[in-house]
Amino acid sequence: MTDSDLIKLRGLVDLHVHLRDPGQTHKENFFTGTRAALAGGFTTVIDMPNNARPITTKVALDQKIKSAERQIVADTGFYFGSLGDNLEEFVKVSDQVFGLKLYLNVTTGGYLLDKSYLEKIYRAWPMNKPILVHAEADVVGLVMQVVEATGHPTHVCHISSRAELEPVLLAKKSGLPVTGGVTPHHLFLTDTDSQRLGVFGGVKPSLKSASEQAFLWEHLDDIDVVESDHAPHTSQEKEDGSAPYGMPGLETTLPMLLGAVRDGRLELPDIERLCGAGPRKILGLPEEDDTYILVEQADFTISGSKLMTKAKWTPFEGMTAGGRVRKVVIRGTTAFENGEVVAKPGSGRLLRPVT
Ligand code: DOR
Ligand code: ZN
């Protein structure tokens with residue numbers, strides 16, 4: 001196959017990944033995580049702050065950035081976190097991060113914000129940077145009230161149900177600065193798959209029924225982003241009783257979306273919007289020159305053992321994807337080709353917000 005048989009897309013952006021570094025590098029690190037990003041067509045990833053030691057101080061953030069610098073093979077940016085007790089840190093880090101992530105429901109790491117702090121945090125975080133929320137079910141409505149009171153740009157992560165999407169659609173309609181993301185696992189798996197997957201289907205928000213999933217698909221035009229929520233855990237951890245929530249996703253997002261293109265449920269420009277222009281707009285992230293991916297549109301069977309992520313498992317095991325990345329070029333230099341990452345550790349760029 002020559003390059004001319006392949007489809008060229010701009011490098012994709014995943015605004016929601018958990019690369020686990022520092023603190024849980026047995027699950028993933030900046031090298032393995034950004035290799036997985038390249039293999040999945042993402043030339044840019046933004047890393048979440050729920051590390052083993054949450055990124056809620058400038059010291060912790062600086063340590064994380066230092067660890068990333070030597071390892072990354074894709075462009076990498078960061079979010080800050082808060083449990084409501086670090087507002088004085090906000091001004092120190094705001095030029096280093098793309099936004100603030102708040103966890104309003106229980107998830108991996110037990111990193112849960114007391115909702116009574118929400119408005120105080122909203123008022124302390126700089127207006128020119130988004131707040132991203134993990135908010136499930138009726139908590140989305142509560143967040144929308146705070147957005148209305150503060151006017152603060154807010155991204156609602158991994159919308160999984162009608163109850164979560166409806167308040168976002170309403171808020172958008174009334175002109176509030178709200179965006180919404182969906183994950184491939186909520187688009188392509190349901191609670192029927194949960195039974196089959198057992199502990200490997202455990203994720204927050206949980207997989208939902210086919211009718212909830214259909215509601216997401218019906219409203220995809222009003223959704224801004226597909227985010228992988230790449231959340232690697234070892235298969236041993238998944239099986240040993242503690243079963244942390246989350247599933248790897250960087251390398252299966254584009255292949256699954258291309259399956260939807262094959263099936264006539266999406267078109268390539270939808271992928272460019274949801275994994276490119278949409279996240280870039282939220283992050284205020286300009287395009288990089290000469291940064292693109294070449295994609296082969298052909299069916300293949302997804303297999304966890306072939307993935308670059310340390311996790312080496314996927315909830316999409318055995319499913320027929322619609323295509324995969326054959327080449328990744330970043331700023332004119334080939335970073336991934338013939339199934340191999342050729343970029344050297346540290347060749348990715350540490351991203352800072354433009355303002
Ligand atoms: O399933 C999840 N896993 N949901 C989250 O919100 C966090 C993530 C993780 O960090 O493992
Ligand atoms: Zn997440």
Side-chain angles (χ1 to χ4, degrees), residues 13-30 32-33 36-37 42 45-56 64 77-83 97-113 130-137 139-140 143 155-161 164 179-189 191 193-194 197-208 225-238 240 242-250 252-253 279 282 309-311 313-316:
V13 178
D14 190 346
L15 61 58
H16 188 157
V17 302
H18 301 264
L19 300 188
R20 310 292 191 211
D21 191 345
Q24 292 174 313
T25 51
H26 64 287
K27 295 178 195 263
E28 199 76 290
N29 60 41
F30 280 117
T32 58
F42 293 95
V45 292
I46 316 290
D47 188 49
M48 286 293 170
N50 65 330
N51 288 70
R53 197 174 137 221
I55 308 302
T56 53
K64 184 186 226 186
F78 307 92
Y79 299 114
F80 201 53
S82 183
L83 289 167
V97 296
F98 284 87
L100 181 73
K101 175 70 184 284
L102 301 176
Y103 290 85
L104 292 153
N105 297 89
V106 171
T107 184
T108 299
Y111 172 50
L112 178 66
L113 175 66
I131 294 178
L132 295 89
V133 292
H134 180 130
E136 298 188 31
V139 182
V140 178
V143 174
H155 177 70
V156 181
C157 296
H158 43 50
I159 294 169
S160 67
S161 66
E164 290 161 8
T179 54
V182 293
T183 69
H185 43 276
H186 294 112
L187 287 178
F188 296 107
L189 301 171
D191 52 4
D193 297 293
S194 305
L197 292 165
V199 289
F200 291 94
V203 65
K204 284 286 199 163
S206 62
L207 300 178
K208 300 296 192 302
V225 165
V226 168
E227 52 197 55
S228 75
D229 197 1
H230 179 77
H233 301 285
T234 67
S235 42
Q236 200 188 340
E237 287 166 332
K238 279 294 215 183
D240 75 3
S242 58
Y245 301 114
M247 32 185 67
L250 271 168
T252 45
T253 297
I282 292 168
T309 173
K310 272 197 184 185
W313 64 270
T314 166
F316 303 106

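Numbering of ligands and ligand atoms starts at 1, following listing order. Any value given below was found using the heavy atoms of this structure, including those in side chains, with hydrogens, waters and symmetry copies removed. Count residues from 1 along the sequence.
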Compute the minimum heavy-atom distance from Met247 to ligand 1 and say whether it is under 4.0 Å.
no

Around atom 3 (N) of ligand 1, find the nearest protein heavy atom and jot down its residue, atom name and distance.
Tyr245 O, 3.0 Å

Is ligand 1 less than 4.0 angstrom away from at least one heavy atom of Lys27?
no

Which atoms from ligand 1 have a heavy atom of Ala231 less than 4.0 Å away?
3 (N), 8 (C), 9 (C), 11 (O)

Name the residue from Glu28, Lys310, His26, Arg20 that meets the side-chain hydrogen bond (donor to acceptor under 3.5 Å, both in side chains) definition with His233.
Arg20

Has the side chain of Asn29 got a donor or acceptor atom that lies under 3.5 Å from a matching backbone atom of Asp21?
no

Would you check if Leu15 and His155 make a side-chain contact, meaning some heavy-atom pair closer than 4.5 Å?
yes

Is a side-chain N or O of His185 found less than 3.5 angstrom from the main chain of Gly249, in a donor-acceptor match?
no

Hey, is the Zn ion (ligand 2) within less than 2.8 Å of some N/O/S atom on His134?
no

Side-chain donor/acceptor of Asp14 to backbone N/O of Phe42, under 3.5 Å
no

On the 0 to 90° scale, with breaks at 30° and 60°, tag the Tyr103-Tyr111 ring pair as parallel, tilted or perpendicular.
tilted

Determine, for Tyr79 and Lys101, whether the Lys NZ or Arg CZ falls below 6.0 Å from the six-membered ring centre while staying within 45 degrees of the axis.
no

Ignoring angles and geometry beyond distance, decide whether Gly246 reaches within less than 3.5 Å of ligand 1 through its nitrogen or oxygen atoms.
yes

As an exercise, identify every atom of ligand 1 less than 4.0 angstrom from a heavy atom of Val203.
1 (O)

Could you list the atoms of ligand 1 found under 4.0 angstrom from a heavy atom of His233?
11 (O)

Mind checking whether His16 and His158 have parallel, tilted or perpendicular rings, split at 30° and 60°?
tilted

Under 3.5 Å: N/O of Tyr103 near N/O of ligand 1:
no

Could you name the option among His230, Lys204, His185, Arg20 that has the heavy atom nearest to atom 1 (O) of ligand 1?
Lys204

With rounding to 10 degrees, what does the angle His16:NE2 / the Zn ion (ligand 2) / His18:NE2 come to?
110°

Whether Glu164 side chain and Ala137 backbone form a donor-acceptor pair below 3.5 Å
yes

Any N/O/S atom from Asp229 (main chain or side chain) under 2.8 Å of the Zn ion (ligand 2)?
yes

Which protein heavy atom lies closest to atom 7 (C) of ligand 1, and at what distance to 0.1 Å?
Thr107 OG1, 3.2 Å

